[in-house]
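Have a look at the structure below before the remarks.
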There are 2 protein chains.
Amino acid sequence: MAYKRSALMQERLADNRERIVRAARKLIGAGGLREASINAVAAQAGLSTGALYRYFPSKAELFVEVLNDAVRNEVAILDAIVDGEGSAAQRLRAAVRSFAERALEGPHLAYAFIAEPADAEVDAARILCRQQFGNVFKRVLREGIARGEFPAQALDVSAACIVGAYTEALVRPTATQTRRGAGDARLVAEIVEFCARAVGAPLDAGGSGKHHAKTQRTPKRKTA
Amino acid sequence: MAYKRSALMQERLADNRERIVRAARKLIGAGGLREASINAVAAQAGLSTGALYRYFPSKAELFVEVLNDAVRNEVAILDAIVDGEGSAAQRLRAAVRSFAERALEGPHLAYAFIAEPADAEVDAARILCRQQFGNVFKRVLREGIARGEFPAQALDVSAACIVGAYTEALVRPTATQTRRGAGDARLVAEIVEFCARAVGAPLDAGGSGKHHAKTQRTPKRKTA
DNA sequence: TAAATTTGTGAAAGTCTATTCACTTTTGTT
DNA sequence: AACAAAAGTGAATAGACTTTCACAAATTTA
């Protein structure tokens, strides 16, 4: 009779797949794509190299999945912020801050996902991801402009500039091995204000942008 | 008696070296680091692979030299603009515009130099280069703030954001295979205004930033 | 428990490219 | 011209990977 996977087996397979993805994400987060060789990923996941190929046809496809997972998660968070309460300026600030804070938690991951190139295949996926980030910002911008909060501007250019601005500002210190923790809050605050000014948002009601009511709490990265 | 290189030979060797560097730059410009294999560079330079190693000890060192050459050239241009006439805001705009325009001429080159990672060695060199770009912008910012043209802000963060903003805005369309030429002027103008607003510069006297006096002509990339 | 089928293993094969090196050609000295 | 030294060649080497595959272990059916 035909072979049928038991429920338990189903679960174990799904679990393996999950563990592979997580292993890859962890390694990328720790040391960029450079550190995430197939062997390393397999070892980290507690499987043999060969087994990996039962779950993913190639390294590239594995990475694309890792990328998409992470971005889906990220975009969901940003979406929630952008579709939330408050003025467009407030929401824009909250979105930038949220993204920046999480990026600082896993700098290599952010870098790998936004900038570090790999196969053509992965690159293609990444471009779509960047656009997804851009789209979130475009939404707030469009709304802010419609409401008269921001001056008229090219949405796509501004959105791309925002993504680029904080990417660079976040990645540079990473590369320079700057000590973590200390100046992070200030760094994030400055990036937020840079972006706010850039889109022509009015000054933050709370003052200089350093000590103001925390309108939106930044959720932690999903762990499940 | 000891071997002594004739003047003619000296010249030819120097010429070869130069040709290798140019070949590498050309290939990188055409298709990024990916396309610039040692074999390809050698062929493009009209030499054998082996010969290349008489001029450079490794691929990484060759790339570092290409990078430094290009950046030195670029920074010199920006320096001239930043140390020139006019308000800080005008000079900042001119610098961003100049950089953006030249980057659009060789998009892959700009990308490879600013973002595309390679060996640790090349990466290290690139970080220094980015800082050099950042320093130029920091100078205008500091001056503008001192003069009361711009509000107080973290120089290093703003400078990094500027570099990041136009990098992303310039690179994204490249990756997306957008048609060149048509929207370029608009793209550059929008990026310039984004950065100007971001540092808190007053509105451009010339209006929306699209049709205004060309205060500073952008020099072409050096060809010699 | 035996046969059938799927899953897991890890050494070996395949791939891609930087680097080397035995050899040829060219250049400089006597 | 004859010899020494340097520059140039490109096939072979080398190393770091991904990917495969013959085989072992585990799981499902009868």
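Letters A, B, ... mirror the listed sequences (proteins, then strands); counts begin at 1.
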Indicate whether OP1 or OP2 belonging to C/dG28 is found under 4.0 Å from a side-chain N or O atom of B/S6.
-> yes
Rounded to the nearest angstrom, tell me the gap between atom CG in A/L47 and atom P in D/dT18.
-> 16 Å
In whole angstrom, what separates A/L52's CG from C/dT7's P?
-> 15 Å
Find the distance A/Q10:CD to D/dA26:C1' and express it as a whole number of Å.
-> 16 Å
Whole Å only: how far is the CZ atom of A/R17 from the C1' atom of C/dT7?
-> 15 Å
Can you tell me if the side-chain N/O atoms of A/K4 get under 4.0 Å from OP1 or OP2 in D/dT28?
-> no
Can you tell me if the side-chain N/O atoms of A/R12 get under 4.0 Å from OP1 or OP2 in D/dT27?
-> yes
Stem segments of DNA chain D by first residue number [Watson-Crick or G-U, under 3.5 Å, at least 3] | C:1-30 with D:1-30
Just call it for A/S37: base, sugar-phosphate, or nothing, with non-hydrogen atoms closer than 4.0 Å on any strand.
-> sugar-phosphate
Nearest listed nucleotide, side chain of A/A51, among C/dT9, D/dT9, D/dA7 = C/dT9
Taking the side chain of B/I38 as heavy atoms from C-beta outward, which of C/dT20, D/dA7, C/dA18 is closest to it?
-> C/dA18
Compare side-chain N and O positions of A/R5 against OP1 and OP2 of C/dT7 and report whether any pair is under 4.0 Å apart.
-> yes
For B/M9 and for A/Y55, find the nucleotide of DNA chain C with the closest heavy atom, then tell me which residue's nucleotide is more 5'.
-> A/Y55
Whole angstrom value for the distance that separates C1' of C/dG14 from NZ of A/K59 | 16 Å
Map A/P57 and A/A7 onto DNA chain D by nearest heavy atom, then report which one ends up closer to the 5' terminus.
-> A/P57
CZ of A/R34 versus P of D/dT18: gap in Å, rounded?
-> 13 Å
May I ask you to say what A/N16 touches in the nucleic acid, namely base, sugar-phosphate or nothing, with a heavy-atom cut-off under 4.0 Å?
-> sugar-phosphate
For B/N16 and B/R54, what are the C-alpha separation, side-chain angles and deciding distance, and is it a side chain to side chain contact (heavy atoms under 4.5 Å, CB included)?
-> CA-CA 10 Å; B/N16 278 349; B/R54 285 193 177 276; over 6 Å; no
Do NZ/NE/NH1/NH2 and the carboxylate oxygens of B/D15 and B/R12 come within less than 4.0 Å?
-> no
Using only side-chain N and O atoms of A/Y53, determine if any of them is under 4.0 Å from OP1 or OP2 of C/dT7.
-> no
A/N39 CG to C/dA11 C1': how many Å, rounded?
-> 11 Å
In whole angstroms, the gap separating P of D/dT20 from CZ of A/F56 amounts to 16 Å
